[in-house]
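See structure below.
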Amino acid sequence: MTVGMNMNIKILRRREPGAEPYWQEFYYEKKEDQSVAGMLDELNYKDDLKDINGNPAPRIQWECSCLQGMCGGCAMVINGIPALACETFLRDMKGDRLILEPLKKFPVISDLVVDRGIIQDNLRDVNAYIGEYKKADTNEYEHMYAAAKCLKCGLCLEVCPNYGGGRRFFGALFANDCYLIAARSSVLDKKIKKEYNVHFAKGCSKSLSCVDVCPAKIPTLASIGKMNK
Amino acid sequence: MKKVLIVGSGISGLSCAIACAKSGMEVILASPFPSERSQSVMAAGGINAVLNGRAGGDSVSAHIEDTLKGGCNIAGKEAVSGLCTAAPQIIRWLEKLGTVFSINPDGSIAQRAFGGQSFNRTCYCGASTGKQIVTALVMEARRYEGAGMIKRRYWMDFYSALIKGGVCYGAVFYNEATADLEMIEADGVVIATGGQNALFGKTTGSTLCDGYAEGKLFMQGVELKNLEFIQYHPTTIETAQKRMLISEAVRGEGGRLFYVDGKNRVYFLEEKFGKKGNLMPRDVVARCIDETQKEVFLDITFLGKEEIIKRLGEVYDLCLKYRGIDISKQCIPVAPSVHFFMGGIAVKNNHETNIKNLYAIGECASIYHGANRLGGNSLLAAVYSGITAAKDISMSAGNGKCEDFGRQLDEERERLRTLRQSKSVFPVMYIRDMLAESMNKNLGISRSERKISQGIEDVTFFLSVADKIHYDNSEMAYLCYSLEGILTLAKATLLCAGERKESRGAHARMDYKEKKDEYAAATIISYDNGAYKIRYDRGDEYEH
């Protein structure tokens, strides 16, 4: 592993829900092949974590499970761009400064951990399930496979200019779930189309920023195209 | 209405929740995070089932036989028979819920070869079978969530079970959102918390699966089983943040393992076992790689880029992203690493533990895999165990009256408050890291009395200091209070490994290389106030 210069890591922190946020900076000896997730791990397991002024700092709270881009837990804002920490590598960072912030469109639990429960709540409240199954056209399998890989990480919502955290517009992840239902439900296909119109089509201004940030590379545009037919 | 509390929301927890709700029971599905974060999404390879008219002469009895043989004949025959018989129906069920299985040109579900199996029996969804099943189950669970039958509770870390007089009445959780302990009572409690990865640090699996629930329940009187059988996946790749799994599907698609000797490639498995050598069971392949003492590579380049991307797209992406290796041009450097735990909570065929109304399902339960698990059988067991437990709970009498656990909760609150008031900066992860180092060194692929004894000595020391050290209170409360349970489970695991003086399946002793008839039974370990007791289940105590 290549070891390089000292990096300055600036993190927007909050000790608990509702507490005042504050910035805290740390030094980290840059390793090119390390990811942001791996770096956070290393910082946390230092004997006693100290900031750049030598003051003791509380351990950095962040969410992780798989550490390899499959679970969506470590979604955060890295140098202004929403991304998964485990798939963002220090070798791709320009300069020696790294700024980490929690996703801004969800309530903060602590530091980089946010409550994304609204994603599941919204999908539950519009009954986004298949119900009675009908076999889809075999040509649809590739698209369905890709859409079903949605991590529900919230990156598409974070970057979306139309998503404001509310219960009206549900964002790209909803469009993909709608497609999965419409393609295979024999009873709820029409109902889900109505929900799609209310909670997606009416609010989407087609900036398509969601497509760029999706870590699962879901062809959301194709889902939208099929749902709009 | 009967109330069921399910702890953990991966594939087994979801399957159980859906089956419970379907039969009219109220479900509380408690987990720290949503199902999308569970380890289940990482299961790559596939799910085994004998589908009618397919796989050229395969049969359910062959599936049963392969599973028992793979497990070195210490898994219960009745349990395995139930699992394999239900498999085709489970695949149809998953398909109807919307699981996007890979299909043949005629639209039927495709199947491929997996290690240790006599036929092409493994159904799969590209290289992300677990993820596709989770997506389908999450959608189906929503049906019952919308109807109020399943209530999800997030930010809930398991703390302990509510047990009195050999009966379970519910569980206590640490609620991260309120930073307080919370008690949930239920007629049936189902543990679905996954394997004990944290014993070995960062494994191929999720960091969320740590074995604490097993360890804590063990300390509360729940018996554990077959802890010494730990599966080393033969093909994992080193990256800067963890070892990552290279799916068995690569070998299923014809991948060949070799090492380099001078200018020649030595296909050591093919030399030893013939043409199908690369598809030997995982324990055999892992041990053979370990024995080479050389850097081993996996070659799939001959398949061509187009086919690799089509059939093994996720493996292609992983190697390129984390190691800069293009597997259509370069071979993959692989080594074995801890991957799956055949051992766990001892359960009867209905998935109930030795404590009434307390169940365990999925990887944290030990029942079907014996001394070694076949690839494709864990996803099957996850779904089947969830459904089986649900069925039993629906038929059970429930708890009727509830015991008063108020005082116990107050005492636990006080204990936790004291723990959290520490002014120390000592990270609890230090002990966890030392534990992982010792376990990897002393309970690896090749074991011996000397190494196991060293491991026991280390863990006994960690346990002796664990409750005397003050930990950094800025660390997650869960990490602090879970340490004792994890260490206790580690000690139990080492003791089981030391007691089994033979080599069987994934348990390979350098000092006892042969399989012995006297050990042809499952290991059961119990705990009573600091005393660990081991026995062998020769009378099929749990097989009913």
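Proteins get letters first, then strands, A, B, ... in listed order; numbering begins at 1 in each. Atoms considered below: every heavy atom in the structure, side chains included; atoms not considered: hydrogens, waters and symmetry mates.
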Exercise. With a 4.5 Å heavy-atom cut-off, do M39(A) and L98(A) have their side chains touching?
Worked result: yes
Problem set entry | Under 4.5 Å from any heavy atom of chain A - which part of L97(B) | backbone
Problem set entry | Between P17(A), G38(A), S35(A), the one whose heavy-atom pairs under 4.5 Å with chain B are most numerous | S35(A)
Problem set entry | Contacting region of K242(B) [heavy-atom separation from chain A under 4.5 Å] | side chain
Problem set entry | Heavy atoms from other residues, nucleotides or ligands near CD of E306(B) exceed 12 (cutoff 6.0 Å) | no
Exercise. By a 4.5 Å heavy-atom criterion (distance strictly below it), what part of M42(B) contacts chain A: side chain, backbone, both, or neither?
Worked result: both
Seminar exercise, completed: With chain A, the option among M139(B), R37(B), M244(B) that has the most non-hydrogen atom pairs under 4.5 Å is R37(B)
Problem set entry | Neighbour count above 12 (heavy atom, 6.0 Å) for K310(B) NZ | no
Exercise. Just checking, any donor-acceptor pair under 3.5 angstrom between side chains of S102(B) and Y145(A)?
Worked result: no
For this session: Please work out which of the three classes, parallel, tilted or perpendicular, describes the rings of F89(A) and Y322(B), given edges at 30° and 60°.
Result: perpendicular
Exercise. Under a 4.5 Å heavy-atom cut-off, does chain A meet the side chain of F101(B), its backbone, both or neither?
Worked result: backbone
Problem set entry | Contact leader toward chain A among G98(B), G146(B), P34(B), where contacts are heavy-atom pairs under 4.5 Å | G98(B)
For this session: Count the heavy-atom pairs under 4.5 Å between each of G107(B), A177(B), C125(B) and chain A, then report the option with the highest count.
Result: C125(B)
Exercise. Hey, what's the ring geometry for Y481(B) with Y212(B), parallel, tilted or perpendicular (30° and 60° as the breaks)?
Worked result: perpendicular
Exercise. Which bit of E95(B) comes within less than 4.5 Å of chain A, counting heavy atoms only: side chain, backbone, both or neither?
Worked result: both
For this session: Below 4.5 Å from any heavy atom of chain B, which atoms of K134(A) appear? Answer side chain, backbone, both or neither.
Result: neither
For this session: Side-chain contact test, heavy atoms from C-beta onward, threshold under 4.5 Å: evaluate it for R116(A) versus C153(A) and give yes or no.
Result: yes
Problem set entry | Trace of the salt bridge (charged side-chain N to carboxylate O under 4.0 Å, His left out) decision for R142(B) with D177(A) | CA-CA 12 Å; R142(B) 259 183 225 146; D177(A) 265 25; 3.1 Å; yes
For this session: Check the surroundings of atom NZ in K96(B): do more than 12 heavy atoms from other residues, nucleotides or ligands lie under 6.0 Å from it?
Result: no
Exercise. With respect to chain A, which residue among E145(B), Q39(B), Q132(B) yields the maximal number of heavy-atom pairs within a distance under 4.5 Å?
Worked result: Q132(B)
Exercise. Is it the backbone or the side chain of L67(A) that comes under 4.5 Å from a heavy atom of chain B, or both, or neither?
Worked result: both
Seminar exercise, completed: Assert top hit (heavy-atom pairs under 4.5 Å, partner chain B, pool L180(A), D115(A), N127(A)) equals D115(A)
